[in-house]
Amino acid sequence: MRMSRLFLETLRDFPADAECTSHKFLVRAGYIRKLTNGIYNYLPLMWRVLKKVEKITREEMDNAGAQEILMPFLQPKELWEESGRWGAYGKELMRVKDRHGKEMCLGPTHEEIVTFVAREGVRSYKQLPLNLYQIQSKFRDEIRPRFGLLRGREFIMKDAYSFDRDVAGMEKSYKIMADAYTRIFERCGLVTKPVQSDSGAIGGNVSHEYMVITQTDSGEDNVFYCDDCDYAANSNHAISNLPEAVTAGEWNKAEKVATPDTGSIKELAEFLKIPESIICKCLVYIADKEPVLVLIRGDKTVEETKLMNALGAKEEIRTASDAEIAELMDKHGFGARPGFIGPKGFDDIRIIADNTVKELKNFVMAVNENDVHVVGANFGIDVDMPKEFADLRLVEAGEFCPQCGKPLKVTRGIEVGNIFQLGTKYSVPMGATFTDEDGSEKPFVMGCYGIGISRTAAAAVERHHDEHGIKWPIAIAPYHVTVIPVNIQDEMQMKIAEEIYEKLQKEGVEVLIDDRDDRAGVKFKDADLIGIPLRITAGKTVQEGLVEYKVRETGEVTKMTPDEAVKTVVETVKAALNK
RNA sequence: CGGAAUGUAGCGCAGUUUGGUAGCGCACUGUGUUCGGGUCGCAGGGGUCGCAGGUUCAAAUCCUGUCAUUCCGACCA
C-alpha cells in the first residue's frame, strides 16, 4: 500500500476525551474515530488488525472442530421470552420495535438464537457433539461506555456454542475450547490468565474469563491470584480464607451505650476503642425495588455481584438512597440516621448475612436509635439469627488462597475471552432436545464461548506500546513492514525503495511504502506512532548500496544491502507467523 | 441513576468574568524554501460559536429550557 493513497490521518495531539493508552493511540494514530458514545468507525488500519484477530480466531476454532455460521443481529422478543431473559437481561439489552410494533432486540449475545438453530436442526445424538460459532458485531447498551474499544457499546465478538448429549461431553467440549483460547491469545501476542468468574446474565455454573494482565490503569477488573498454585479468580467470584481476627467482644452482657456522631464503622471503632471486626455492619440495599438488609462483619466489604446472585435479583441492585432509608425508617417507626440502622425490628423485610457474621459473639450493632449502639450483643438472645447466609464478601489481597493457603495477590486485568458451562439453562426452557441412543428425548447440554475481537486488539495496544506509539505484534499488525524513501525527490532512494517494495510484495509480505512528499521526521514519527513492526529506510546510505533495517519492538538498527533487508524481513515475518 | 464539568473550523484550544460584527496552533489549498526524527516564510479556504426560546439598539458572552459529550460516583450506613 502506498502511504500517499492510504486513508489515514494521524493527529499531532492526543484526543482530549481519551482516558486509556489504547484509546489515545488508536485515535491519534488514525485507527478509529468515534461516531457516538461507545460506537466507533474502524478505519483501514484498524480493520486490517481486526481481520487478523478474526483470522487467527477462525483458524483455531476450525481446528478445534467448530463450524462457522452467521446469525441475525436483530432478534425477536419471543425467543427471549422462552429463555426467560427478556425480563432478566436488564437495561443493557437494546430493545427496539419494528414498524408493526413487534418487539425485537439488538443481539448482545446469541444463546437464544443458536438454541433455536439446534432445536430445528439436531434430531439425534449421532449429530453430537456440535460446536457452532460466528464473528459479528454485538450491541450492549452499557451504563457507561469508556476506554475506547475496551468498553464500547457496539463491538465485534466471536461467540461459539457447544451442544453435547451429557455433562461429560460438555466438559470435554469446554476443555477443547479452553485450549483453543490459550492458543488464540498467544498467537495475538497476549499472555492471558484464565480466572474463575461469575457467569452473570449468561448463566451456568462453571465459567472462566481470559484476562490480559495490565500494569496500567486500564484494566477494569480486579483479579485475585495465587503465586503458589493455579488459583485465579475475578473479584466477583474470588473466595479466600481469612486471617485470624477478633470476632468476639469482651462484654459479658448486652447493653446500650452512647455513641454520638459515629456514622461510620471507622468512627464507631475508634470511639469504642475496639477492632472493626467485632461490629456487625448493617447496610440497606434496594434489590429490584425491594429494600433488603445486608449484614457483614464491620471490617469487610460487600461484593455486589455476589449479593445480587445470592438474592436472585434480576434487574438491579444498589445501596439505598438517604431518602429511601428515611422512608423505610418511618414505616417501621424508627428515626435512625444511616450509621445507626440495625437488623432488629425488621421482621417484614428480607435480611441476608455474609458468612463472616456467623462467628460474631458479643458484638456491636446499631439498634435504630441515633447516637446509640448495643455492645455485647448475641444472635438468638438480643437479635434473631438471620435466616439467610451467603458468601457476600469482597476478597482483599493478603487473605489466603482457598486452594493452598498462601496469601493472594491482586492485579488489574482486561477480560478478552469468556467461557461458560451452561448445562441445560437454555435447552430445557426452550425445549431444545434430541433423541438419545436409548430412544429417550433429552435436552442439549450446552457451553458458550466468547472472544471480544475488538477488545483483544485494544488489549494488545495496552500491552505493546511505548511513548512514541504502538508496537504491534507482527501477527496482528496492519502491515508487517514499512519502506521509507527519506526523500522522494532523490531518484536513487526512490528507485531502491520501490524495488524493495515490489520484492516484498512478491514474497507475500504486507508492506507499506511511505511515498508521501514529506520530511523524514514526519515519516519516522508516523511509522512509530502507527506501530509497524519492521522498517526499511532508503536514505543517504543508498550511495554505498545500503539501507537501514529497524525493528520497532527493540529499536535495533542494522545497515544492510536491499536484498539482505528483503530477505531479513521475509524470514522475520515468516518466523513470527509460524509461531 | 446521582454529582461535576464541557460544547467555538477536521484535531487541540483562547475569547464568556466586563455584551459591540469570531481568533490562535496543528491539519487543509497555492507558492517558495528546507530535506535523516513532527523545517521556515508568504498567500488562501473553512465556523448560523450544540440546539431552541428570551433579555437587549446589539448576544459566543447574560437568562431559561433542551440535547450531546466527558469525568467522578453509583461499595460500608
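Atoms considered below: every heavy atom in the structure, side chains included; atoms not considered: hydrogens, waters and symmetry mates. A, B, ... follow the sequence lines: proteins, then strands. Residue 1 opens every chain.
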For Leu394(A), report the nucleic acid contact type (base, sugar-phosphate, nothing); a contact means any heavy atom under 4.0 Å.
base
If I take atom CG in residue Asp526(A) and atom P in nucleotide C26(B), what distance separates them, rounded to the nearest angstrom?
16 Å
Sequence neighbours excluded, which residues qualify as ring-ring contact (aromatic ring centres under 6.0 Å, His included) partners of Phe389(A)?
none
Does the plane of the ring in Tyr40(A) sit parallel, tilted or perpendicular to the ring in His23(A)? Use 30° and 60° as the thresholds.
perpendicular
All ring-ring contact (aromatic ring centres under 6.0 Å, His included) counterparts of Phe340(A), not counting sequence neighbours
His373(A)
Over how many whole Å does the gap from Asp17(A) atom CG to A4(B) atom P extend?
22 Å
Would you tell me if any nitrogen or oxygen in the side chain of Arg28(A) comes within less than 4.0 Å of OP1 or OP2 on C11(B)?
no
Phosphate-side-chain proximity, Thr36(A) and U69(B), N/O vs OP1/OP2 below 4.0 Å
yes
Under 4.0 Å between a side-chain N or O of Asn37(A) and OP1 or OP2 of U70(B)?
yes
Between atom CZ in Arg12(A) and atom P in G38(B), what is the gap in whole Å?
9 Å
Ranking G37(B), A27(B), G38(B) by distance to the side chain of Val522(A), first place goes to G38(B)
Hey, does the side-chain of Asp518(A) have a donor or acceptor N/O within less than 3.5 Å of a partner on the base of G38(B)?
no
Figure out the CG/P separation between Leu11(A) and C13(B), and round it to whole Å.
12 Å
Does a distance-only test, which skips hydrogens and angles, find a donor-acceptor pair under 3.5 Å between the side chain of Arg516(A) and the base of G38(B)?
no
For Val27(A), answer base if it contacts any base atom (sugar-phosphate contacts may also be present), sugar-phosphate if it contacts only those atoms, and nothing otherwise; contact means non-hydrogen atoms under 4.0 Å.
nothing
Base of G36(B) paired with side chain of Lys525(A) (donor-acceptor, under 3.5 Å):
no
Which of parallel (below 30°), tilted (30 to 60°) and perpendicular (above 60°) describes Tyr89(A) and Trp80(A)?
perpendicular
Distance test, side-chain N/O of Arg519(A) to OP1/OP2 of U39(B), below 4.0 Å:
yes
On a whole-Å scale, what distance lies between the P atoms belonging to G15(B) and G3(B)?
28 Å
Which nucleotide in A27(B), G12(B), G36(B) has an atom nearest any side-chain atom of Thr541(A):
G36(B)
Both distances below 3.5 Å, Watson-Crick or wobble geometry, any strand: find the nucleotide opposite A68(B).
U6(B)
